[in-house]
Amino acid sequence: MDLRRALPPKPPSIIRYRKPNSKINQSVDPSPIPKASDALPLPLCLTNGIFFTIFFSVAYFLLHRWRDKIRSSTPLHVVTVSELAAIVLLIASFIYLLGFFGIDFVQSFISSSRLDEDDDDVLHHHHHSKPKTKPTSMNPAVSVSFTSSSSSKDEEIVKLVVSGSIPSYSLESKLGDCRRAALIRREALERKTGRSMSGLPVDGFDYDSILGQCCEMPIGYVQVPVGVAGPLLLNGCEFMVPMATTEGCLVASTNRGCKAVFSSGGATAILFKDGMTRAPVVRFGTAARAATLKFFLEDPINFDTLSIVFNKSSRFARLQSIQCSIAGKNLYIRFTCSTGDAMGMNMVSKGVQNVLDFLHIDFPDMDVIGISGNFCSDKKPAAVNWIEGRGKSVVCESVISEEVVRKVLKTTVPALVELNMLKNLAGSAIAASLGGFNAHAANIVSAIFIATGQDPAQNIESSHCITMMEAVNGGKDLHISVTMPAIEVGTVGGGTQLASQAACLNLVGVKGASKESPGSNARVLATIVAGSVLAGELSLMSAISAGQLVKSHMKYNRSNQDMTAITS
């Protein structure tokens with residue numbers, strides 16, 4: 001429903017709407033400005049057509065005459081009667097077009113300026129009900145913010161949102177002020193539910209930065225503490241790793257693992273595959289036709305053509321492979337491509353759409369059921385990601401000296417090797433785990449993902465990890481490795497451009513896109529995730545081996561506050 005229903009109509013007034021960046025989106029102009037078109041004797045479309053025709057016709061005529069004069073060496077200033085008439089018509093039509101469109105533009109600009117000046121008067125003029133008292137449970141800071149932004153008008157909008165006359169999702173577009181929209185939506189939600197949102201902060205956040213890209217219908221933001229672990233010595237470089245988590249001991253444990261790795265000379269990470277996937281599902285009338293397309297797509301002769309079509313979607317997208325699987329009349333096509341510094345889901349989806357449109361020429365009977373058929377597979381545990389990889393595939397290793405294992409990790413090399421075999425390998429196999437042959441890789445992956453603006457749901461496949469431990473150097477030292485085939489990260493797009501997340505990316509030196517080597521920032525971030533997982537695995541396994549897990553969690557992961565008093 002339109003916002004104009006928040007105000008009583010006035011017969012002599014004209015309600016005008018401002019552009020989305022205005023602070024108040026409604027105003028009344030008591031003196032309508034006449035348009036230039038009001039004085040025209042003919043219909044507007046006919047008049048415009050006449051003058052457009054005159055302008056281009058005489059311009060074409062004059063250009064041809066002047067070209068002939070230049071060819072015959074006739075002076076241009078020698079003008080015939082027909083040329084003189086054409087010049088007059090050209091000037092007249094130009095003046096009309098300039099005056100008509102120019103005056104209309106100036107009038108709209110003046111009208112907008114007048115609306116800016118009259119906002120306060122209009123709100124006061126149409127104010128006929130006082131704002132209701134805020135619920136006592138409302139956060140005082142939020143209450144001040146709400147009443148400070150044209151409270152009478154906001155009160156009317158809140159009532160309309162509560163009644164359902166104005167959809168909550170349309171507040172940003174109608175008001176042109178994202179923060180004000182969040183405040184109004186929050187207030188309306190409290191009144192509709194009768195429940196307080198006082199613990200959810202609303203001030204101190206840039207709501208414009210999430211509009212149309214990160215979150216819809218915001219009412220505040222959740223505070224997640226960010227800790228830092230490190231330095232992580234990886235591939236000869238030191239990184240301080242930001243981790244957003246509410247689990248006690250997690251950052252401290254990862255930090256201890258980083259210390260053990262650092263003291264032993266660091267870790268080495270190798271990225272051995274880099275390709276995001278998308279797998280549409282298409283259907284044919286027969287299984288034979290589906291098989292025909294499968295053979296066509298997997299034929300190396302056709303790959304170059306398909307690559308050209310696919311790569312048109314982006315200057316960074318580069319098709320790497322196509323893998324097909326048939327289920328009856330249905331064909332699942334798994335496209336893999338590089339995506340630069342972006343995580344790349346949107347990029348690969350656009351490329352896939354280009355290829356599907358191209359295939360329709362030779363396969364008009366192909367019915368595209370869905371751009372994603374779950375053979376990708378995104379945000380779900382899947383063997384195809386565990387085997388084939390998705391995103392960045394990384395292996396990270398380190399040799400931890402016997403002294404560090406004893407002094408820093410408080411355990412022994414034989415105890416760690418035995419525990420890893422029975423827990424991470426045999427235990428996970430008994431549980432029929434899919435990609436979960438590790439102690440707690442998801443803990444570290446999730447914490448880094450939230451801190452750096454990655455998609456938390458992709459923690460599912462990004463946490464696929466197998467942790468290996470064995471005694472080396474005559475059984476004295478420990479060789480530990482983590483293999484992670486599907487780390488899905490990016491340093492541009494999505495939540496990476498928000499201020500807090502961008503700051504965390506900047507901390508590790510991978511903020512934004514790399515201009516020198518496109519894709520290198522995202523690849524470095526993937527190796528940092530793997531290196532941090534290695535540190536976390538090393539520390540947790542040592543705590544379990546030494547019998548310290550329960551003791552440390554009881555000490556550091558439990559609140560000492562009196563919950564009875566807080567509840568009352």
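- A donor-acceptor contact closer than 3.5 angstrom links the side chains of Ser446 and Asn459.
- Heavy atoms of other residues, nucleotides or ligands lying less than 6.0 angstrom from CD1 of Ile301 number 12 at most.
- For Phe296 and Phe363, the ring centers are positioned less than 6.0 Å apart.
- Classified by interplanar angle (parallel below 30°, tilted 30° to 60°, perpendicular above 60°), the ring pair Phe205/Tyr207 is perpendicular.
- Looking only at atom types and distance, the side chain of Arg278 has a donor-acceptor partner in the side chain of Ser372 under 3.5 Å away.
- Between Arg179 and Glu172 the shortest side-chain heavy-atom distance does not fall below 4.5 Å.
- Residues Gln497 and Gln213 bring a donor and an acceptor atom of their side chains to less than 3.5 Å of each other.
- Atom CG of Asn346 has 12 or fewer neighbouring heavy atoms from other residues, nucleotides or ligands inside a 6.0 Å radius.
- Counting heavy atoms of neighbouring residues, nucleotides and ligands inside a 6.0 Å radius, atom CZ of Arg283 does not exceed 12 of them.
- In summary, the side chains of Glu397 and Thr268 do not present any donor paired with an acceptor at a separation below 3.5 Å, with no hydrogens or angles considered.
- The environment of CE in Met469 is crowded: more than 12 heavy-atom neighbours from other residues, nucleotides or ligands sit within 6.0 Å.
- For the 3.5 Å distance criterion, the side chains of Ser433 and Ser428 fail to qualify, holding no donor opposite an acceptor.
- No side-chain N or O of Arg318 forms a donor-acceptor pair with one of Ser338 less than 3.5 Å apart.
- More than 12 heavy-atom neighbours from other residues, nucleotides or ligands sit within 6.0 angstrom of NZ on Lys380.
- Contact between Trp386 and Cys465 at its shortest, heavy atoms only, is CZ3-N, 3.7 Å.
- Looking only at side-chain heavy atoms (C-beta outward), Leu293 and Met366 come within less than 4.5 Å of each other.
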